[in-house]
Amino acid sequence: MTKKSFRIIQIMAYEMLNAVGRLYEPFSILLRIDMSCIFLKIFFIFVFQNEPLLTWYKSEWLFVECYLYRLIYGAFHQQKHLSKYDYFGEQKRDSFKEHLRHIEESAKFTLEASTSNDGIHDVVEALVKSSLWGNQSDLSVSGGDASTVKHSLLEAARARDSYILQNDVEKTIREIILPLKERPTSHHRIDIILDNAGVELSMDLFLADFLVHAGLANNVILHGKKFPWFVSDVTSVDFEWTLQQMENDEGDLKKFHERFQEKLKSGKIAYTSHDFWTYPHAFCDMKEAAPDLYEELAKSNLLIFKGDLNYRKLVGDRYWPWDYSFEKSLCGFLPTSLLTLRTLKAETVSGLSAEAVERMKREFGEDTKWLTSGDFAVAQLVKV
Ligand SMILES: O=P(O)(O)OC[C@H]1O[C@](O)(CO)[C@@H](O)[C@@H]1O
């Protein structure tokens with residue numbers, strides 16, 4: 001080892017220890033790090049006023065979790081050489097590699113569907129459901145085991161409907177997505193608020209690509225996170241890395257990459273991110289905390305919110321009665337029509353039918369593990 005590389009390793013090790021050391025400081029001190037944003041400051045003051053002796057266990061789960069991820073980011077961001085280091089990067093990359101077979105299968109499906117006479121409806125349905133079940137693989141739930149997608153995604157698209165407790169996929173396609181094609185003169189935009197990298201992101205890319213390819217949307221905007229978040233959430237680096245992997249492939253993924261890249265170049269598909277996605281706020285606070293984002297989303301024809309965390313923020317992470325109106329649990333957040341595609345990993349849900357609630361009670365009794373196992377899902381639409 002040369003003297004120079006030894007020195008680099010020494011500096012990295014020092015910075016790593018420094019960053020990790022910061023994480024052991026008391027919570028009250030930690031809350032004062034990384035308060036660059038005025039809305040976060042207001043939020044913290046509010047939390048402290050109500051609970052001056054705040055600890056990890058006394059605070060709200062959503063707030064504490066979000067803060068934890070901001071904190072880890074803040075600790076690394078303050079280091080000179082590790083400021084851009086993604087401590088979850090390897091796990092995210094593993095999720096892609098270990099699901100490569102599923103991903104290739106879906107790429108093949110998307111390419112073939114684009115040239116066949118199969119009805120657009122069925123293709124969109126398969127891709128939307130693949131995107132939904134892609135959310136079953138989540139590193140922050142599986143503790144880092146990337147091989148958690150339990151079924152082939154296309155097979156799941158067709159066979160796992162009985163696990164979707166509220167299924168508005170058909171309604172969304174029929175009432176929102178397909179009618180867009182019938183209005184070729186106006187501008188159609190669909191936004192996907194992304195969740196996890198790896199297999200889930202890949203499914204989202206297939207969906208985005210097909211929506212544009214089939215003339216259902218002129219634009220698809222993909223929203224990612226600005227820094228590593230909830231272990232597996234997509235950042236711009238993950239987005240670029242995934243496309244690079246597809247490009248390096250020999251077969252269908254390479255072909256898919258070519259046509260996706262064209263759409264990126266022409267601006268038909270775009271990747272963006274906003275600070276708000278890494279705030280601890282419920283989405284009903286977006287209008288006030290991030291009016292620019294709210295206005296931007298309002299220009300879209302449909303917002304597709306992916307995953308559990310986005311769902312928790314949609315419904316304010318509250319204990320709603322399970323059959324309470326999903327629209328009302330959004331507490332006024334509705335910049336435009338929205339569809340949420342989420343496998344259930346946290347103990348909040350609303351908008352289930354009386355039959356679905358009855359079924360869960362019959363199958364699970366008092367046990368609420370169906371709310372957190374990731375085995376069940378919801379696809380819920382609210383139209384403006
Ligand atoms: O990646 P997703 O689907 O948003 O899931 C993340 C979920 O995992 C957890 O971190 C653990 O259950 C939840 O806090 C969070 O809602």
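Ligands are counted one by one from 1 in listed order, and the atoms in each one are counted from 1 as well. Note that the structure is a prediction, hence the values are computed from the model and not measured.
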Working for side-chain contact (heavy atoms from CB on, under 4.5 Å), residues L338 and F326: CA-CA 11 Å; L338 65 87; F326 176 62; 4.2 Å; yes
Enumerated ligand 1 atoms positioned under 4.0 Å from heavy atoms of L309: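 Reading through ligand 1 atom by atom, the close ones are 2 (P), 4 (O), 16 (O).
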Can you tell me how far [atom2] of [Y] sits from [atom1] of [X], rounded to the nearest 0.5 angstrom?
X: F305; Y: T340; atom1: CZ; atom2: OG1; value: 8.0 Å
X: Q79; Y: Y85; atom1: CD; atom2: OH; value: 13.0 Å
X: K313; Y: I193; atom1: NZ; atom2: CD1; value: 12.0 Å
X: H274; Y: Y279; atom1: NE2; atom2: OH; value: 6.5 Å
X: L205; Y: L127; atom1: CG; atom2: CG; value: 11.5 Å

Would you say [X] has any N or O atom under 3.5 Å from an N or O of ligand 1, going by distance alone?
X: K345; value: yes
X: W61; value: no
X: N196; value: yes
X: N135; value: yes

What do we get for [X] next to ligand 1 when only non-hydrogen atoms under 4.0 Å count, side chain, backbone, both or neither?
X: R312; answer: side chain
X: D308; answer: both
X: K306; answer: neither

Student check: side-chain heavy atoms of K268 and E262 closer than 4.5 Å: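 Not touching, per the 4.5 Å side-chain cut-off.
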Any Y311 heavy atom less than 4.0 Å from ligand 1: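 The answer is no: ligand 1 sits nowhere under 4.0 Å from a heavy atom of Y311.
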